[in-house]
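Per chain, numbering begins at 1; letters A, B, ... match sequence-line order.
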Amino acid sequence: MNWNGKSILYAGLGLILASNLAALGGVGYNRMGEPDSALRLSQRELMRPYRWGIERESSGLAMILQWRLPVDEPKAGNGFTYYHAGGSAKWLDHAKLTALGFDATPPRGADESNAASRLLPREALLVLEFNGPAYQHALDVVRDLAAREQALQAANPGNEEMKRRAKMARDQAAREENEASRLFIIDAGPDAARLRAAYPDRTRYAIVRGEVRASWGVNAAGQPALSGQVDGILVDRIHVPHALLSGAAIGGARERGAAKAEPFEAVVNFGRRFEPWIVSAAGL
Amino acid sequence: MDATNFTSRTDAQRRADDIRVFRGELQRLEQDGALQLSQPQREQLTQYHDKLLARLAEQFDVDRDAQAKQLSLGMRIASFLGALALGASVFFLFYQFWGYFGEAAQVAILLGSALASFAATMWIRTKESCGYFTKLAALVAFACYVLNIAMVGQIFNITPSDKALLPWAAYAFLLAYACDLRLLLAAGILCIAAFISARAGTWSGMYWIHFGERPETFLLPALVLFLLPQFIRQDRFGGFAGTYRLMGMLLFFLPVLVLANWGRLSYLDLDRQSVQGLYQVLGFGAAAAAAWLGARRHWPEVVNAGVTFFTIFLYTKFFDWWWNSMPKYLFFLVLGLTAILLLLVFRRLRAAAPEGESA
């Protein structure tokens with residue numbers, strides 16, 4: 001086929017328009033009708049990224065979703081994770097990982113080199129719980145730890161180590177009550193309808209796309225078993241609409257490690273494709 | 001005399017170079033007394049070549065002499081650097097001011113930039129076919145389009161997808177063929193290879209962004225790219241066939257090199273040592289075969305790539321065998337002697353090779 005100048009021009013313009021229409025069409029579909037979920041998040045769950053490098057040049061703003069995984073064992077002297085990071089979770093067990101599509105064929109012997117042992121991360125639907133039982137449990141754990149450390153200090157007056165641990169536990173409890181994110185990833189699955197049926201409250205539970213990793217270990221019975229960890233949420237940076245940027249509320253969101261943030265509350269919708277967008281924001 | 005027999009600028013430039021070399025050799029022959037043209041013959045020959053060079057310069061903007069050739073190289077470098085700078089400028093311009101506009105305006109600006117830069121490229125192309133300004137404009141247009149799609153994704157929090165690689169590849173190919181630009185051809189090839197690799201990975205359930213962790217997904221696209229010029233002629237586009245072959249070889253040998261050293265990354269259900277051994281043998285064999293094929297078919301890029309990767313595979317094996325056990329001076333002496341041996345081998349091959357035209 002011999003292309004002349006006009007054909008090339010129409011092909012190029014058509015390609016640009018078609019690809020933009022496809023992208024915007026997807027956005028429209030995601031935001032069509034009622035959102036799949038709508039969470040009222042605060043400065044504890046939405047954080048501004050560090051302004052360094054190219055970020056310094058940007059006049060736009062994207063907030064990072066701060067999510068956590070449930071913690072079972074209280075660790076004296078250790079803080080909980082306040083900023084999102086990957087990690088393992090008890091609920092991400094062998095059965096769950098198999099349901100997510102990971103190959104359940106155990107590796108041959110102790111050699112980690114064969115294909116069965118080398119599992120690559122998979123995409124999965126994750127359930128985000130906001131200010132629910134997982135957060136309540138985290139609160140109970142740190143309060144209980146603070147109470148025990150306080151009792152130990154009271155029983156050992158003058159012991160500097162006990163005093164230090166009691167203070168650390170108190171600070172930890174205060175951070176958990178006032179600063180830590182209340183957003184936890186509590187479940188995963190391949191089927192959105194099933195997950196929504198299990199977690200019907202759309203103001204507390206959001207379904208999002210994420211990445212899950214699995215590796216082989218041994219279970220309590222000494223048998224080979226898969227254990228998993230959540231690598232991240234695929235869209236964890238949410239662009240702040242221009243109309244909300246000028247507001248003091250979300251516009252003053254703190255950076256990581258900086259002084260206390262101005263409190264705000266933002267409504268974040270999650271659509272049909274589980275992609276988020278910020279609908280509104282107001283100072284508290 | 002007919003300049004329209006030339007299908008590409010490369011062909012035209014080759015003819016202009018031949019004329020320049022011929023003139024130089026004719027002068028030396030006359031000085032040595034080996035050949036003497038009569039005055040009418042000399043005038044007729046000079047007139048013929050001058051007219052042909054003028055037509056070639058008008059139609060294909062060829063370099064008529066060595067000085068023009070050097071200037072052309074400078075212009076190519078300036079064109080490339082200018083495109084990089086302008087592309088970066090467009091990106092940072094948008095990045096700095098996008099926060100002051102609503103989403104509708106942001107999309108309009110992004111879309112408008114992509115459309116305008118493409119239209120401008122096509123307009124410049126009509127004024128200066130396959131010239132330096134056209135190439136610069138094409139690179140800027142590609143940068144604007146990539147920015148367009150990427151930023152729309154950021155503005156509306158679209159889930160990252162390998163599908164974005166498809167329109168980027170299509171656009172790069174369109175601009176490459178329209179403006180005779182090998183750099184964009186390479187960009188298009190990389191995009192399509194990455195897309196195929198990512199898609200192949202998702203079929204096994206992997207999240208697409210980890211496609212680099214299974215290098216074998218590049219091997220089949222690499223082979224297809226290498227063979228493509230045999231089935232779809234690229235004569236009208238100077239250097240495109242060589243670009244396909246070279247990119248095909250890079251996309252084949254780099255994964256093989258990785259797997260020859262990190263067998264864990266393979267799909268094959270074998271132990272690591274077996275995988276590494278298998279890919280080392282494949283690497284050596286394929287590199288040698290590529291050098292042989294390239295010499296036979298007069299494809300210099302294939303010969304060079306084959307020899308380079310053969311040497312890399314050899315040196316990595318030397319490293320595995322001797323780096324820890326041998327004194328360092330001796331290790332590097334062995335590398336040097338190996339290089340000398342390869343030189344001797346290639347000199348003998350060059351002396352034995354018959355002359356012929358490039359395929």
Side-chain angles (χ1 to χ4, degrees), chain A residues 3 5-6 8-9 11-13 15-20 22-24 26-27 30-31 54-55 57-62 100-103 108 111-124 209-213 231 234-235 237-243 245 273-278, chain B residues 92 95-103 105-107 110-111 114-115 118-119 121-122 125-126 141 145 148-149 152-160 163-164 166-167 170-171 174-175 177-178 201-202 204-210 213-214 263-275:
Chain A
W3 284 44
K6 265 197 179 162
I8 296 169
L9 180 67
L13 295 176
L15 177 62
I16 293 169
L17 287 169
S19 50
N20 276 271
L24 294 171
V27 173
N30 182 59
R31 300 186 184 194
I54 291 178
E55 285 286 339
E57 302 292 326
S58 175
S59 57
L61 180 63
L100 288 174
F102 286 97
D103 187 357
R108 295 189 302 273
D111 184 2
E112 291 185 353
S113 302
N114 61 72
S117 68
R118 290 175 277 110
L119 303 165
L120 286 178
R122 297 179 76 96
E123 189 179 326
R209 291 186 195 281
E211 197 181 337
V212 170
R213 185 183 289 272
D231 268 3
L234 301 190
V235 183
R237 291 176 70 122
I238 310 175
H239 177 73
V240 178
H242 174 257
L245 266 182
R273 300 202 314 186
F274 313 115
E275 290 163 356
W277 71 97
I278 297 176
Chain B
F92 282 109
Y95 216 50
Q96 185 153 6
F97 293 107
W98 73 323
Y100 300 115
F101 301 102
E103 284 68 48
Q106 288 172 348
V107 171
L110 287 168
L111 183 58
L115 292 170
F118 179 69
T121 302
M122 292 297 106
R125 181 176 169 272
T126 62
Y145 182 58
N148 172 192
I149 301 297
V152 165
Q154 272 197 39
I155 291 166
F156 295 106
N157 315 308
I158 297 175
T159 307
K163 295 191 187 82
L166 262 184
Y171 195 62
L174 182 73
L175 283 173
Y177 279 95
T202 59
S204 64
M206 175 191 82
Y207 179 48
W208 72 271
I209 213 155
H210 295 276
E213 294 187 40
R214 286 290 182 266
R264 296 190 83 246
L265 302 180
S266 173
Y267 274 116
L268 299 174
D269 194 14
L270 300 168
D271 62 275
R272 184 177 45 208
Q273 297 300 331
S274 300
V275 170

Within this structure, what is the [atom1]-[atom2] distance for the pair [X] and [Y], rounded to the nearest 0.5 Å?
| X | Y | atom1 | atom2 | result |
| --- | --- | --- | --- | --- |
| His242(A) | Trp98(B) | NE2 | CH2 | 12.0 Å |
| Lys6(A) | Met122(B) | NZ | CE | 14.5 Å |
| Leu166(B) | Leu15(A) | CG | CG | 10.0 Å |
| Leu120(A) | Thr202(B) | CG | OG1 | 12.0 Å |
| Thr159(B) | Leu234(A) | OG1 | CG | 6.0 Å |

Less than 4.5 Å to any heavy atom of chain B: does that hold for the side chain of [X], its backbone, both, or neither?
| X | result |
| --- | --- |
| Leu24(A) | side chain |
| Ala62(A) | neither |
| Glu123(A) | both |
| Arg209(A) | side chain |

Under 4.5 Å, counting heavy-atom pairs only, tell me which of [options] racks up the most with chain A.
| options | result |
| --- | --- |
| Leu110(B), Thr121(B), Leu115(B) | Leu115(B) |
| Tyr171(B), Phe92(B), Phe118(B) | Phe118(B) |
| Ile149(B), Val152(B), Ile158(B) | Ile158(B) |

Does the side chain of [Y] come within less than 4.5 Å of [X]'s, by heavy atoms?
| X | Y | answer |
| --- | --- | --- |
| Val235(A) | Pro160(B) | yes |
| Val212(A) | Tyr207(B) | no |
| Ile8(A) | Tyr177(B) | no |
| Phe156(B) | Arg31(A) | yes |

- prompt: Counting only N and O atoms by type, is there a donor-acceptor contact under 3.5 Å from the side chain of Gln154(B) to the main-chain atoms of His239(A)?
  reply: no
- prompt: Any luck finding a side-chain donor-acceptor pair between Ser19(A) and Tyr145(B) under 3.5 Å?
  reply: yes
Partner set under ring-ring contact (aromatic ring centres under 6.0 Å, His included) for His210(B), not counting sequence neighbours: none
